[in-house]
Amino acid sequence: AAMSRKRMKLLVDSLTRSSKHFNKSEVECLVNLFDTLVAKGSSDFAGVGFTRLVFRDTLHNAFGMTDDVVLDRVFTIFDRDNNGHITVADWVEGLGLLLRGTLDEKIKFCFQVYDLNSDGYISKEEMFQMLKNSLLIQSADEEPEEAIKDLVEIALKKMDHDHDGKLSFTDFEQAVRDENLLLEAFGPCLPDIK
């Protein structure tokens with residue numbers, strides 16, 4: 001037990017130094033939560049992290065995030081080394097961005113979530129996919145797909161500054177800086193304020 005306490009202190013100290021958003025006691029709480037989630041997940045990764053399923057359940061329960069496409073993209077962004085599981089460093093850094101990130105960090109994060117194929121652009125197809133998953137269409141007068149296509153065109157008109165039919169990071173960043181409400185234009189990918 002003494003060894004694990006010493007290891008825990010070293011880990012917390014290291015993560016606190018690298019964290020831009022949390023103090024030492026907050027990092028300690030996040031590490032304890034991480035250990036609980038790893039134990040709950042009891043998977044092949046138990047020694048090093050937890051899986052996509054545990055991650056999705058956690059974000060759903062803690063932040064009410066329900067969109068499977070968004071949750072998968074958030075997992076991919078948290079999993080920085082692309083090894084299929086979330087390590088304690090991924091966890092602390094990712095939550096720092098989600099909960100306390102600067103506007104610049106959140107712009108980059110949301111863009112990465114919406115860029116489904118990671119090609120550096122948000123295409124019409126990606127916008128359509130994101131909006132299709134996040135909107136509830138209730139009008140019986142209009143086809144849901146037509147309404148979403150109309151929204152995609154409106155978004156492009158508002159956000160596509162270089163008029164190339166897709167959103168580059170520069171387009172997205174400029175649009176969000178002009179109107180902060182556009183940060184989550186293609187669906188909720190950040191926890192709400194509470």
Side-chain angles (χ1 to χ4, degrees), residues 4-41 43 45-116 118 120 122 130 134 169-170 172-177 179-194:
S4 67
R5 273 198 299 273
K6 183 177 180 182
R7 189 180 146 276
M8 171 74 147
K9 183 183 178 334
L10 290 171
L11 178 63
V12 168
D13 288 346
S14 171
L15 290 171
T16 302
R17 279 192 302 277
S18 65
S19 174
K20 293 183 265 182
H21 301 290
F22 296 120
N23 65 36
K24 185 174 182 170
S25 65
E26 292 168 329
V27 167
E28 197 168 326
C29 288
L30 289 173
V31 169
N32 287 330
L33 176 58
F34 177 85
D35 285 343
T36 302
L37 292 170
V38 167
K40 177 182 153 192
S43 72
F45 301 119
V48 288
F50 56 85
T51 63
R52 184 178 300 263
L53 186 60
V54 172
F55 181 79
R56 289 169 61 142
D57 286 349
T58 302
L59 263 56
H60 173 73
N61 294 332
F63 304 128
M65 296 171 82
T66 57
D67 186 319
D68 288 340
V69 174
V70 168
L71 287 169
D72 280 341
R73 292 295 300 155
V74 172
F75 179 88
T76 300
I77 294 162
F78 267 59
D79 181 16
R80 293 172 298 167
D81 56 4
N82 199 25
N83 59 9
H85 63 274
I86 302 298
T87 66
V88 69
D90 295 338
W91 176 245
V92 171
E93 185 171 317
L95 283 179
L97 186 147
L98 272 188
L99 300 174
R100 298 194 178 150
T102 64
L103 180 60
D104 287 342
E105 290 169 325
K106 288 180 178 179
I107 289 171
K108 182 179 178 196
F109 174 78
C110 290
F111 183 84
Q112 288 176 311
V113 169
Y114 299 144
D115 180 11
L116 299 177
S118 301
I122 305 171
M130 296 301 297
S134 67
F169 177 74
T170 305
F172 185 76
E173 180 180 36
Q174 185 175 343
V176 171
R177 290 195 187 287
E179 177 52 69
N180 286 1
L181 292 174
L182 293 173
L183 182 61
E184 294 184 274
F186 305 113
C189 57
L190 295 168
D192 70 29
I193 203 74
K194 59 185 180 185

Undergrad: Among all residues two or more places apart in sequence or in another chain, which pass the salt bridge (Lys or Arg N to Asp or Glu O under 4.0 Å) test with Glu173?
TA: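 Salt bridge (Lys or Arg N to Asp or Glu O under 4.0 Å) list for Glu173, sorted by chain: Arg177.
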Undergrad: How would you list, by chain and number, every residue that makes a side-chain hydrogen bond (donor to acceptor under 3.5 Å, both in side chains) with Arg100, sequence neighbours excluded?
TA: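 By the side-chain hydrogen bond (donor to acceptor under 3.5 Å, both in side chains) rule, Arg100 matches Glu26.
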Undergrad: Between atom CG of Leu97 and atom CD of Gln112, what is the distance when rounded to the nearest 0.5 Å?
TA: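 One finds 8.5 Å between CG of Leu97 and CD of Gln112.
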Undergrad: What is the minimum heavy-atom distance between Phe109 and Val74, and which atoms define it?
TA: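 Here Phe109 and Val74 meet closest at CZ-CG2, 3.7 Å.
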Undergrad: Backbone N or O of Leu15 within a donor-acceptor pair of the Ser18 side chain at under 3.5 Å?
TA: yes
Undergrad: Provide the closest heavy-atom pair for Pro188 versus Val70 in the form atom of the first, atom of the second, distance.
TA: O-CG1, 3.6 Å
Undergrad: Restricting to side-chain hydrogen bond (donor to acceptor under 3.5 Å, both in side chains), what partner residues turn up for Asp72, sequence neighbours left out?
TA: Arg52, Arg56
Undergrad: Between CH2 of Trp91 and CZ of Phe50, what distance do you get to the nearest 0.5 Å?
TA: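 Here the rounded value is 4.5 Å.
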Undergrad: CG/Leu116 to CE/Met130 distance, rounded to the nearest 0.5 angstrom?
TA: 5.5 Å
Undergrad: Considering only heavy atoms from C-beta outward, does the side chain of Phe75 approach that of Leu59 to under 4.5 Å?
TA: no
Undergrad: Closest approach of His21 and Gly101, non-hydrogen atoms and distance?
TA: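 That would be CE1-CA, 3.7 Å.
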Undergrad: Which atom pairs, donor and acceptor, lie under 3.5 Å between side-chain atoms of residues 179-187 and protein residues at least two apart or in another chain?
TA:
residue: Glu179; atom: OE2; partner: Leu181; partner atom: N; Å: 3.2
residue: Glu184; atom: OE2; partner: Cys189; partner atom: N; Å: 2.7
residue: Glu184; atom: OE2; partner: Leu190; partner atom: N; Å: 2.8

Undergrad: To the nearest 0.5 Å, what is the distance between CE (Met65) and CG (Asp57)?
TA: 13.5 Å
Undergrad: Show the nearest heavy-atom pair for residues Phe22 and Leu99, with the distance to one decimal.
TA: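 Shortest heavy-atom contact: CZ-CD1, 4.3 Å.
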Undergrad: side-chain contact (heavy atoms from CB on, under 4.5 Å) between Lys20 and Glu105: does it pass, once the steps are laid out?
TA: CA-CA 11 Å; Lys20 293 183 265 182; Glu105 290 169 325; 3.2 Å; yes
Undergrad: Kindly determine whether Arg17 and Asp13 satisfy salt bridge (charged side-chain N to carboxylate O under 4.0 Å, His left out), including the steps that lead there.
TA: CA-CA 6 Å; Arg17 279 192 302 277; Asp13 288 346; 5.2 Å; no
Undergrad: Report the residues that fulfil ring pair (Phe, Tyr, Trp, His ring centres under 6.0 Å) with Phe111, sequence neighbours left out, ordered by chain and then residue number.
TA: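 With sequence neighbours excluded, Phe111 shows a ring pair (Phe, Tyr, Trp, His ring centres under 6.0 Å) to Phe169, Phe172, given in chain and number order.
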Undergrad: Using the rule given for side-chain contact (heavy atoms from CB on, under 4.5 Å), can you reason through Thr16 versus Asn23, listing the C-alpha separation, both sets of side-chain angles and the distance that settles it, and then say yes or no?
TA: CA-CA 6 Å; Thr16 302; Asn23 65 36; 5.8 Å; no
Undergrad: Kindly write out the residues that satisfy salt bridge (Lys or Arg N to Asp or Glu O under 4.0 Å) with Asp90, not counting sequence neighbours, or none if the list is empty.
TA: Arg80
Undergrad: Given the rule in the side-chain contact (heavy atoms from CB on, under 4.5 Å) test, do Met8 and Asn32 qualify, once you have shown the distances and angles that lead to the verdict?
TA: CA-CA 9 Å; Met8 171 74 147; Asn32 287 330; 2.8 Å; yes
Undergrad: Please answer whether the main-chain N or O of Asn83 pairs with a side-chain N or O of Asp79 as donor and acceptor at a distance below 3.5 Å.
TA: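 Here the side-chain-to-backbone pair exists.
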Undergrad: Carefully, step by step, assess His60 and Thr66 under the rule side-chain contact (heavy atoms from CB on, under 4.5 Å).
TA: CA-CA 6 Å; His60 173 73; Thr66 57; 3.3 Å; yes
Undergrad: What's the shortest heavy-atom distance between Arg73 and Asp115, and which atoms?
TA: NH2-O, 3.1 Å
Undergrad: Once you round to the nearest 0.5 Å, how far does CD1 of Ile86 lie from CG of Leu37?
TA: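 Reported value, rounded in 0.5 Å steps: 11.0 Å.
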Undergrad: Please report the closest heavy-atom contact between Leu98 and Phe78, naming both atoms and the distance.
TA: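 Scanning both residues completely, I find the closest heavy atoms to be CD1-CZ, 3.7 Å.
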